[in-house]
Number of protein chains: 2
Amino acid sequence: MGITKSEIFSEEQNKIASMAKVLGHPARISILQQLFESNTCICGDLVDKIGLAQPTISQHLKELKNAGLIKGNVEGTSVCYCIHRENWVAMKKLLISFLDHDISTTSQCC
Amino acid sequence: MGITKSEIFSEEQNKIASMAKVLGHPARISILQQLFESNTCICGDLVDKIGLAQPTISQHLKELKNAGLIKGNVEGTSVCYCIHRENWVAMKKLLISFLDHDISTTSQCC
DNA sequence: GCATTTTATTGTAATATTGCATTTAATAAA
DNA sequence: TTTATTAAATGCAATATTACAATAAAATGC
């Protein structure tokens, strides 16, 4: 029904999935890469650099902010965004701990 | 429009996003964890262990298979699934290379 | 005050996703 | 051959996501 049955999964499983989900769109990957590479924490420049309309970028920024991965700071009429370091590190650890399972010992049936 | 404008992003950005997207559902995280932890490559046992209907699990397995993260092997009437090692390692490297940006040097505006 | 600039919000259309009942297909067991 | 058993495919309803035009909000400059 388009709705996820989160209640039947563990908190960790839901957290991993929700973080991965936020990373599951190229526009958000692109935004994060810009924030990594740019010295100045880009704002509406993102609209120019990425080829999407301003409301669309704004929406993606909101999702990243809701997930806690970025922070926004109002500077005059513009808004400056940057990576939320603590949360980024926490997310990274969570995902890597999942990705880093040792697969050399698991049996292969196929 | 529910449709992603993949053509305006790089191949790498699309690949990272699509891999993250596949991991963006707790049922698929759960399935992968079971495949990691189980010695026997579980099949329909997943339906019992996870509380979702058989067609739903089957659909999630299909997505994981399409993404190349798992392989399926028919054994009699049942199907045995396991991690696709090479692809898993490749996906892991791709995601970690993205996650592992050095954030200590980027300026914080907020 | 008023215009300008920048970003957020709202509303809407199109498409995607999730979940399941039902059906189909394939193999095994009798 | 007939009857389970198991998994995939189909079809559908409900909800979510993506994208943008239009509008509103907030700050600046005049």
Side-chain angles (χ1 to χ4, degrees), chain A residues 1-9 13-14 17-18 20-31 34-35 40-67 70-82 109-110, chain B residues 1-9 13-14 17-18 20-31 34-35 40-67 70-82 109-110:
Chain A
M1 307 149 185
I3 198 167
T4 296
K5 283 194 164 180
S6 338
E7 69 276 9
I8 66 171
F9 301 103
Q13 288 166 338
N14 283 314
S18 75
K21 195 175 182 181
V22 174
L23 301 179
H25 194 288
R28 295 193 285 273
I29 297 296
S30 180
I31 289 172
Q34 305 269 7
L35 293 183
T40 68
C41 296
I42 327 155
C43 342
D45 304 351
L46 290 164
V47 177
D48 302 327
K49 290 193 180 165
I50 305 171
L52 290 172
Q54 179 267 322
T56 309
I57 297 292
S58 197
Q59 193 175 271
H60 284 301
L61 286 168
K62 194 178 172 185
E63 281 184 68
L64 289 167
K65 201 158 60 174
N66 285 344
I70 65 174
K71 295 190 278 189
N73 194 39
V74 179
E75 289 184 357
T77 60
S78 52
V79 179
C80 175
Y81 282 102
C82 58
C109 64
C110 30
Chain B
M1 308 150 184
I3 197 165
T4 296
K5 283 194 166 180
S6 339
E7 70 276 9
I8 65 171
F9 301 104
Q13 288 166 338
N14 282 315
S18 75
K21 195 175 181 181
V22 175
L23 301 179
H25 194 288
R28 294 193 285 271
I29 296 296
S30 181
I31 288 171
Q34 305 269 8
L35 293 184
T40 68
C41 297
I42 327 155
C43 344
D45 305 350
L46 291 164
V47 177
D48 301 327
K49 290 194 179 161
I50 306 171
L52 291 171
Q54 179 267 320
T56 308
I57 297 292
S58 196
Q59 191 175 272
H60 284 301
L61 286 167
K62 193 178 171 185
E63 281 183 68
L64 288 167
K65 201 158 59 176
N66 285 345
I70 65 174
K71 295 190 277 189
N73 194 39
V74 178
E75 289 184 357
T77 59
S78 51
V79 179
C80 175
Y81 283 101
C82 58
C109 64
C110 32

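When reading the values below, keep in mind they use all heavy atoms of this one structure, side chains included, and skip hydrogens, waters and symmetry mates. Just so it is clear: chains get the letters A, B, ... in the order the sequence lines come, proteins before strands, and each one is counted from 1.
- In this pair, B:His60 and B:His25 present their aromatic rings tilted. The plane angle is within the 30 to 60° band.
- Contacts of A:Glu75 with the nucleic acid, taken as non-hydrogen atoms under 4.0 Å apart, are absent.
- Straight-line distance from the CG atom of B:Leu23 to the P atom of C:dT17: 14 Å, rounded to whole Å.
- Looking at every heavy atom in both residues, B:Ile29 comes nearest to A:Ala17 through CG1-CB, 4.1 Å.
- For the residue pair A:Thr4 and B:Pro26, the shortest heavy atom distance occurs at CG2-CG, 3.8 Å.
- Taking atom NZ on B:Lys5 and atom P on C:dA16, their separation rounds to 15 Å, with Å as the unit.
- Taking atom CD on B:Glu63 and atom P on D:dA9, their separation rounds to 13 Å, with Å as the unit.
- Distances shorter than 4.0 Å separate some side-chain N or O of B:His60 from OP1 or OP2 on C:dG19.
- The separation between B:Asn66 atom CG and D:dA9 atom C1' is 14 Å, rounded to whole Å.
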Can you tabulate the close N/O pairs, meaning under 3.5 Å, that link protein atoms to atoms of nucleotides 1-9 of chain C?
{"from": "C:dT7", "atom 1": "OP1", "to": "A:Gly44", "atom 2": "N", "distance (Å)": "3.0"}
{"from": "C:dT7", "atom 1": "OP1", "to": "A:Val79", "atom 2": "N", "distance (Å)": "3.4"}
{"from": "C:dA8", "atom 1": "OP1", "to": "A:Tyr81", "atom 2": "OH", "distance (Å)": "2.4"}
{"from": "C:dA8", "atom 1": "OP2", "to": "A:Ser58", "atom 2": "OG", "distance (Å)": "2.9"}
{"from": "C:dA8", "atom 1": "N7", "to": "A:Gln54", "atom 2": "NE2", "distance (Å)": "2.6"}
{"from": "C:dA8", "atom 1": "N6", "to": "A:Gln54", "atom 2": "OE1", "distance (Å)": "3.0"}

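- Of all heavy-atom pairs spanning B:Leu61 and B:Ile70, the tightest one is O-CD1, 3.6 Å.
- When all heavy atoms are compared, the tightest approach of B:Leu52 to B:Val47 is O-CG1, 3.6 Å.
- With sequence neighbours excluded, no residue forms a salt bridge (charged side-chain N to carboxylate O under 4.0 Å, His left out) with B:Glu75.
- Nearest heavy atoms, A:Ala67 versus A:Val22: CB-CG2, 3.7 Å.
- The side chain of A:Lys21 contributes no N or O atom lying less than 4.0 Å from OP1 or OP2 of D:dA16.
- Screening B:Lys71, B:Lys65, B:Gln34 for a side-chain contact (heavy atoms from CB on, under 4.5 Å) involving B:Tyr81 leaves a single residue, B:Lys65.
- For B:Gly76 and B:Arg28, each mapped to the nucleotide of DNA chain C holding its nearest heavy atom, the one lying further toward the 5' end belongs to B:Arg28.
- B:Asn73 has its CG atom 15 Å from the C1' atom of C:dA26, to the nearest Å.
- Rounded to whole angstrom, the span from the CG atom of B:Leu46 across to the C1' atom of D:dA7 amounts to 12 Å.
- Put simply, CD1 on B:Ile50 is 12 Å from P on C:dC20, counting in whole angstrom units.
- Residue A:Ile57 is classed as having no contact, given no heavy-atom separation below 4.0 Å to the nucleic acid.
- In this structure, A:Ala27 and A:Ile50 approach most closely via the heavy-atom pair O-CD1, 4.2 Å.
- When distances run from any side-chain atom of A:Ile3 to the nucleotides C:dT15, D:dT15, C:dC20, the shortest one goes to D:dT15.
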Quiz item: Please, what dot-bracket string fits DNA chain C when only Watson-Crick and G-U pairs with both distances under 3.5 Å count, crossing ones use [ ] and pairs to another strand use |?
Solution: ||||||||||||||||||||||||||||||
